[in-house]
Structure formats: C-alpha cells, structure tokens
> 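Sharing a structure, written as structure tokens. Questions coming.
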Amino acid sequence: MKRNKAVIAGIGQTEFSKDSGRSELQLACEAIKHALDDAGLRPSDVDGFSTFTIDNNEDVDIVRSMGIETLRFSSRTPHGGGGSMATIAHGMAAVEAGLCNTFVCLRAMNERSEARFGIAHMTPTASNKGSGSGFLEWSMPFGAATPAAWTGIQAQAYMARYGLTNADFAPISVQLRKNAATNPLAWYYERPITIEDHQSSRWIVEPVFRLLDCCQETDGGVAIVITTEERARDLRQKPARIAHATQSIPFDTETVTNFYHKDLTVFDSGVQCAKELYGRTGLSPRDIQVGMLYDHFTIAVFWHLEAMGFCKPGEAAAFVKDGNVALDGTIALSPNGGLIGEAYVHGMNLVTEAVRQIRGTATNQVQNVENVLLSAGMSGAILSKC
Amino acid sequence: MASETTTLRRPQPLPGRDSAPFWEAASRGELFGQRCAACGVFRHPPRPMCPHCQSLKTEWVRLSGRGKVAANMRPIHPRIPMFDYPLVCVLVDLDEGIRLFSNLYECAPESVENGMEVEVFFVPTAGDKQVPVFRPVRGGRS
C-alpha cells in the first residue's frame, strides 16, 4: 500500500467559448483559482505544477500572477491532448513520491480566437512543431495539413478493414450532443443533433469525416488539484482517488500522425494504456461505469472501446449502435458531451467530468459510479471512489 | 490530370538533418530509402540509429518504387491554395517494407482501394525540388 496515495481534491474551469476576450494567462489564473476554491486551498498551498508542452503559459507567470510562494516541482507533458492524462500521471507521481503536496494540472488556451488547431498547418509554429507528431515534414508536402487529414487516413484503414462507412460514426456524435444538450456548461447546451444532421454535414475528409465527426475549437481553461488522500480528508470536497495514471509511447507510434506502426487498424497507444491501467489496478472493463474517451474525432471512440477491452477489435460500431455507450448503457460515454459536445480543452475537461461523476455531482450523473476511465491514447487514468 | 501533377505551387519539403538524403534523392527523381548497414533492415522516417541493432551505420539505397496502398483519403476542407483538387492522399507500403505518406494520381479518386499496386513518379515543388508521388501499376505486375 502506498503511503501518500494521490487524489484529485479540486477542479476548476472558465466558461467555454469561441472568443474568451482575455489572455490565455488570465484563463489559466481563473481556472486554477476556481480549482483551489473548490478544494478549499489557497495559491500559497500550491507547490507542484504541470501543463502541456504546447501550452503557451509559463510556470513563472502563473507563480507570480497567483501569488504562489514557491514551486518545488514543475513539468510539461508531451503529445497534446493525447497526452492530457500525463498531467495526472506526473501529479500522482510527484505527490506520492513526496516531491510536493499540492499539484496543479493546467490547460488554458484561446484555441478558437487565437491559434486555431483546425486550420491547415503549413509552417512550423509553437502549437504544431512536434510534440510527438511528424506531420510537417512528411505530410505537408502532400497536402495533408489538418488534424482531420492526419487522423483520417488511419481511420480509413480501420473502416476498410471492417467494412464501415461514415454513417457508422453518426451514433457517437448523436450521443455526445445528446449528453451536451442537458449540460449547461457545454457549448452545445440544448442543441442536440440527429443522424440526418450528421449525414448531411459537409465532408472534411472524404470518405472518412464529416463536420459533425470533428470536435470543436474552444477558448477556455481547466485546472485540476492533486494532493494526498490523507490531506484531502480535511478539505472541502469528497476526493477522487487516482487508481492509476500512465503515459503510453509504444514503438513506432506518433501523436495524430500515427502512420508507421505495423497494423493501422490497431490503436497501439491505447492498447498499451489498457495493459498498464488494468495491470496496475487489478480492475477490468466490467469494473468501469463511465468512459471519458478522448473524442477529437468520432472514430477515436471506437479505437478506445476496443483498446480498453469493452468490445473486440472490429466490434465497436455494433457495440455503439446497440446502445452500449448511452448514459444507462454498459459503459456511459462522456456524460458531459465530451470534446465534441462540451468543449475541446484538450482532454482536461474530461477530467473535470470524471471527478464530478466520482463525487456524484454531475449534471448527467450516472448511477452507482465506482470507477471512471480516462482514455486519451498516449495517456490514460482511472479515477475511483475513495 | 496533367495540371494536378505538374503544379509548381506545391510547397517544398522541410528536410531535417537525418532525412536530407531522402529529399535530395527525390529532387533528383530517385526514391531512396534508409537501410541499416549492419543488419540490413530498412527504416522510415529516417533516424540516426537502427532500432533493431542500434547501429549508427546507415546506407541510402535506391528503392524499387513499387508498393501497395495501405490507406487512402481525400482532404476536402479546408482547401490549401498550393494544391489542386481532388487530392488523393495515400499511405504506401513499399516492397522494401517501409511506409510512405504521399499522393496518388492517374486514378479516379473514388476508385482508389487499399491493396492497389502502385509505382512512384515525381512531381515538382516550389524551390525547384521534387517529391515522390504514386500512380497505379497498369495491368498489375509482370
């Protein structure tokens, strides 16, 4: 038994919009302050910090804006949103090793109003120059310059192998928008869609993704506070235990431009995540009630479901069509609406919802939640009731 | 079709120190691949060390230019001004056992299928460079 078991004691966020009207640093400060307030902690308690390699906020600016006394541990995590759960892994590791006591995970960005992700990337910039992707050198000269194009070619291999068409992705989009429709925090609050809406939306990458297969671009910030279970007993919220969190960087894998591993129909990073998460916790898919599955594109949900063992390879489309990912299904899919329905804060808004589901305070609360899976491919985590 | 394959607006590659021989060969109209000089295994994208035997001895050799389509798709939106549409993107499994990202021409976009046998040819880019692209092998292999 570990001495200092790590838990999530606080969650915070800004509103999710398409134009925040303020700096990314301000979004960061607001989100962190909300998370500390939620936990019942002060900025002076914070001594550990992590954000993404591609986040524009510097730890020194966070420290001097918020009045943090000193950080004893600071890291950045690679692989964009695929690596989002690495912030949790780093926080868990640092807290359990005693390197720090109060660890903040952050992602804050004006990803719609400033540096858009969805546009064509033709020259190196801070947000696309790498972090696990080789897209500029090997894809750009051939006209593949967007996340949809990079993901789409791997998706096509999966579709061809299992005889799927774009219509097979529609139920994912419909379910996530249905969940978002009853979540006041979601950008698509009260705006559900139908299968017909999905099928009549414009092609982005033919014959793979339509507009309604793609997640959003969002302005917003999310922060998570990690501390020890012992300390959390005296804090404001019921803690969510980090059963385990891991990174996953298998041989010949890239982030988004994942073209080079042998079998393109296999989500290799997710498979490795599953081994690690289930192996370390002793849990299995039947122990999981809620799946926060990183849905940058609809097909990713199929990949997560198969890699994480909820169904066999090639069976995800039928599994979803049969209603297994509905809120009252075998594995409730992102009750907040996920990245497609709620917001795209690079996976970190999947963590806030996972914590709410463990606390029992979510708007679309799933019944009897014991364990929530966070699966982002290059990283993953399982949160459990204490 | 000709206008799709002869455009000079296509952006030139961004070679790295380890990958420069690939792009230099392409600009000469030759498809070269990186092979470990110790254990003989091909690798792509190029890198300084062989992942199988950790040798730093590398050789660049001319490839057959033949392979099969492993995956394909057509970017529709947003359109990039430097390319002509329809544009077919493919992953090609070359006979030598490495996989390239490229384009496919001389084939109706809707009729592209994975497993299709293809062969390399070269198209010009800005900066007087060339990059390798593919077309179907007519009538299969002899």
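Just so we're on the same page: letters track the sequence lines, and every chain starts at 1. Scope of the values below: all heavy atoms of this structure, side chains included, with no hydrogens, waters or symmetry mates.
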> Quick one: of B:P13, B:P45, B:P75, who has the most non-hydrogen atom pairs under 4.5 Å with chain A?
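Top option by heavy-atom pairs under 4.5 Å: B:P45.
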> Counting only heavy atoms closer than 4.5 Å, note whether A:Y158 contacts chain B via side chain, backbone, both or neither.
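For A:Y158, there is no contact with chain B at all, as no heavy atom is under 4.5 Å.
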> Name the region of B:E110, side chain, backbone, both or neither, that has any atom closer than 4.5 Å to a heavy atom of chain A.
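Neither part; nothing is under 4.5 Å.
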> Could you tell me which of A:F251, A:F209, A:W203 has the largest number of non-hydrogen atom pairs under 4.5 Å with chain B?
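Among the listed options, the one with the most contacts to chain B is A:W203.
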> Examine whether an atom of A:R202 lies under 4.5 Å from a heavy atom of chain B, and if so say whether it belongs to the side chain, the backbone or both; otherwise answer neither.
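Just its side chain gets close to chain B.
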> Kindly state each residue pair satisfying salt bridge (Lys or Arg N to Asp or Glu O under 4.0 Å) with at least one member in residues 16-28 of chain B, sequence neighbours excluded.
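Pairs touching residues 16-28 of chain B that pass the test: B:R28-B:E30.
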> Out of B:V131, B:L87, B:N114, which one racks up the most heavy-atom pairs below 4.5 Å with chain A?
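So the answer, after comparing B:V131, B:L87, B:N114, is B:N114.
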> Does the ring of A:W187 carry A:R191 above it, NZ/CZ under 6.0 angstrom from centre and within 45° of its axis?
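Checked: cation-pi criterion met.
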> Who pairs with A:T246 by side chain to side chain contact (heavy atoms under 4.5 Å, CB included), at least two apart in sequence or on another chain?
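Residues passing side chain to side chain contact (heavy atoms under 4.5 Å, CB included) with A:T246: A:H244, A:C273, A:E276, A:L277.
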> Step through it carefully: locate the ring centre of A:H296, locate the ring centre of A:Y344, and say whether they are under 6.0 Å apart.
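No, the ring centres sit 6.0 Å or more apart.
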> Find the one option among B:R74, B:E113, B:H44, B:R79 whose heavy-atom pairs under 4.5 Å with chain A are most numerous.
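When all of B:R74, B:E113, B:H44, B:R79 are compared, B:R74 has the most.
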> With B:R62 as the cation and B:F32 as the aromatic partner, state whether NZ or CZ is under 6.0 Å from the six-membered ring centre and within 45° of the axis.
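Geometry flag: not set, cation outside 6.0 Å or 45°.
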> Is there a donor-acceptor contact under 3.5 Å from the side chain of B:N103 to the main chain of B:V133?
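Looks like no, no N/O pair under 3.5 Å.
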> Measure B:N72 against the heavy atoms of chain A and call it side chain, backbone, both or neither at under 4.5 Å.
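For B:N72, backbone and side chain are both near chain A.
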> Please state whether the side chain, the backbone, both or neither of A:L264 comes within less than 4.5 Å of a heavy atom of chain B.
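Side chain of A:L264 only, per the 4.5 Å heavy-atom cut-off to chain B.
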> Can you name the one residue among A:F259, A:W150, A:W138 that meets ring pair (Phe, Tyr, Trp, His ring centres under 6.0 Å) with B:F101?
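That would be A:F259; it is the only one of A:F259, A:W150, A:W138 passing the ring pair (Phe, Tyr, Trp, His ring centres under 6.0 Å) with B:F101.
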> For the interface with chain A, which of B:Q12, B:K129, B:R43, B:H77 has the highest count of heavy-atom pairs at distances below 4.5 Å?
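Ranked by heavy-atom pairs under 4.5 Å with chain A, first place is B:H77.
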> Is it the side chain or the backbone of B:L91 that comes within 4.5 Å of chain A heavy atoms, both, or neither?
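Both parts, heavy atoms under 4.5 Å.
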> Relative to chain A, which segment of B:V69 carries a heavy atom at a distance below 4.5 Å: side chain, backbone, both, or neither?
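For B:V69, neither part sits under 4.5 Å from chain A.
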> When you look at B:R66 and B:L94, which way does the side-chain contact (heavy atoms from CB on, under 4.5 Å) test go after all the steps?
CA-CA 6 Å; B:R66 295 278 194 112; B:L94 294 173; over 6 Å; no
